[in-house]
Amino acid sequence: FNFKQDNFEEFYHIGEPIGSGQFAVVRKCKLKETNVEYAAKFIKRKRTKSSRRGLSIEDIQREVSILSAIDHENIVKLYDVYENKSEVILVLELVCGGELFQFLAEREKVNEDEAVEFLKQILEGVRHLHEHSIVHLDLKPENLMLLGQNSTRLKIIDFGLSRKLDEGVEVKDITGTPEFVAPEIVNYDPLCTATDMWSIGVITYILLSGCSPFLGDDKQETLANISAVDFSFDCEDFANTSLLAKNFIQGLLLRNPNERATVYDCLRHPWIRPVKESQAQCRRSSSINLEN
Ligand SMILES: Cc1ccnnc1
């Protein structure tokens, strides 16, 4: 992928900011030639190797090479890359329905059918990543963007922490957002596709209850709760949650990555893909006991 050295503003009108991260700001932009709108992610480059500000060109190239290797309707597309001495500009598919996080903030939580609709798309996107030996490592509501204002279509964005699982190369040095990281990250063990599945368990818990399962009063407490896999469904918001939904979450929030449900297990889970209408039916009525 060769980064274009041309002046970005020669080819694009730059619009309003629509997102920002630690070393990047995302703005709406419009290609002058076609009037088509995109999202431009302006990533600040490190000035010197030892600088703490900005990203190294290697980190930026990693995000670009991963994004350019995937093509899936639930993953944001990369169209072009420009660079100048102070920043690299990723021209991305415009996804401007806001973060799932904001949607949740307004709704506090969602009903099980809506949660399943969101999760099916997240699982399909993650399946595509895992099939290409790519782990996202930073799955959280802020990185799930809705297509339009009242659309429930979503796309996974921000691959800044994602990694290709090359043979044998153990990836251990990452830390995502404490609330969502798996025990193996806390304990500095090798990471794998199961690391993303843990995060999906945390996201599901939050979607259904509005509560964050491991959140403590500070980062240390949160990490300790994760390491101890210390969570419960006591949050009063789980009173009306179906057993299938709780079973889905319990299959993901397991300490041992090898025991955790894979993305395939999740897509086949009866809560996600009811094998017969009756199971979908029981999702609508609350906490029906499937055993009897
Ligand atoms: C924030 C963002 C990122 C990528 N595409 N659209 C919006």
Side-chain angles (χ1 to χ4, degrees), residues 1 3-4 8-9 11-45 54-55 59-84 87-107 117-118 121-126 128-129 132 134-163 176-177 179-180 196 199-200 203 206-207:
F1 215 106
F3 296 5
K4 287 179 174 159
F8 180 74
E9 300 194 54
F11 299 90
Y12 289 83
H13 293 298
I14 299 181
E16 82 224 0
I18 48 177
S20 68
Q22 195 179 10
F23 300 120
V25 64
V26 181
R27 294 175 176 277
K28 256 188 191 174
C29 66
K30 184 183 280 192
L31 183 58
K32 292 178 182 173
E33 192 186 334
T34 62
N35 265 348
V36 174
E37 285 195 309
Y38 297 91
K41 183 173 181 180
F42 296 81
I43 304 174
K44 190 171 171 40
R45 297 175 66 164
L55 291 182
D59 284 343
I60 298 172
Q61 275 167 339
R62 180 189 293 124
E63 180 173 1
V64 168
S65 71
I66 284 175
L67 270 175
S68 43
I70 40 188
D71 175 15
H72 188 274
E73 62 176 1
N74 295 119
I75 296 171
V76 72
K77 283 183 180 43
L78 174 68
Y79 293 104
D80 218 341
V81 183
Y82 288 74
E83 72 168 325
N84 58 47
E87 57 195 1
V88 172
I89 304 161
L90 308 191
V91 181
L92 296 158
E93 171 184 9
L94 177 61
V95 184
C96 53
E99 297 168 4
L100 174 59
F101 191 71
Q102 276 135 3
F103 179 91
L104 264 181
E106 276 127 43
R107 300 278 304 277
E117 273 323 297
F118 284 135
Q121 297 174 78
I122 298 167
L123 291 167
E124 285 299 345
V126 169
H128 188 79
L129 293 179
H132 289 74
I134 292 167
V135 284
H136 187 279
L137 299 181
D138 197 17
L139 290 174
K140 55 183 177 179
E142 291 90 326
N143 284 339
L144 301 167
M145 293 284 284
L146 298 179
L147 232 54
Q149 284 316 321
N150 44 24
S151 155
T152 54
R153 299 281 319 289
L154 65 75
K155 292 191 187 257
I156 302 169
I157 64 164
D158 198 340
F159 283 69
L161 288 182
S162 57
R163 289 287 192 285
T177 308
E179 264 181 272
F180 300 88
D196 283 337
S199 305
I200 291 175
I203 289 169
I206 294 175
L207 276 177

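Scope of the values below: all heavy atoms of this structure, side chains included, with no hydrogens, waters or symmetry mates. Remember, it's 1-based here, ligands and their atoms both numbered in the order they're listed.
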One pair to check against side chain to side chain contact (heavy atoms under 4.5 Å, CB included): Ile18 and Leu94. What are the steps and the verdict?
CA-CA 10 Å; Ile18 48 177; Leu94 177 61; 3.5 Å; yes
Lys41, portion touching ligand 1 at heavy-atom distance under 4.0 Å:
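Contact part for Lys41 vs ligand 1: neither.
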Is it true that a side-chain atom of Asn74 and a backbone atom of Lys155 form a donor plus acceptor pair closer than 3.5 Å?
no
Is there a donor-acceptor contact under 3.5 Å from the side chain of Lys41 to the main chain of Val88?
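Judged by distance alone, no pair lies under 3.5 Å.
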Protein heavy-atom partner closest to atom 5 (N) of ligand 1 - residue, atom, separation in Å:
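Going atom by atom, the protein heavy atom closest to atom 5 (N) of ligand 1 ends up being Glu93 O, 2.8 Å.
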Which residue owns the protein heavy atom closest to atom 2 (C) of ligand 1, what's the atom, and how far is it?
Val26 CG1, 3.8 Å
Which ligand 1 atoms does Ile18 reach within 4.0 Å, using its non-hydrogen atoms?
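In order of numbering, the contacting atoms are 7 (C).
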Taking only heavy atoms of Val95 into account, list the atoms of ligand 1 that are under 4.0 Å away from them.
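What qualifies from ligand 1 is 5 (N), 6 (N), 7 (C).
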What orientation do Phe8 and Tyr12 show, parallel under 30°, tilted 30 to 60°, or perpendicular over 60°?
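Answer is parallel, since the angle falls under 30°.
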According to the interplanar angle, ranging from 0 to 90°, do the rings of Phe11 and Tyr82 count as parallel (below 30°), tilted (30 to 60°) or perpendicular (above 60°)?
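Judged by the thresholds at 30° and 60°, the geometry between Phe11 and Tyr82 is tilted.
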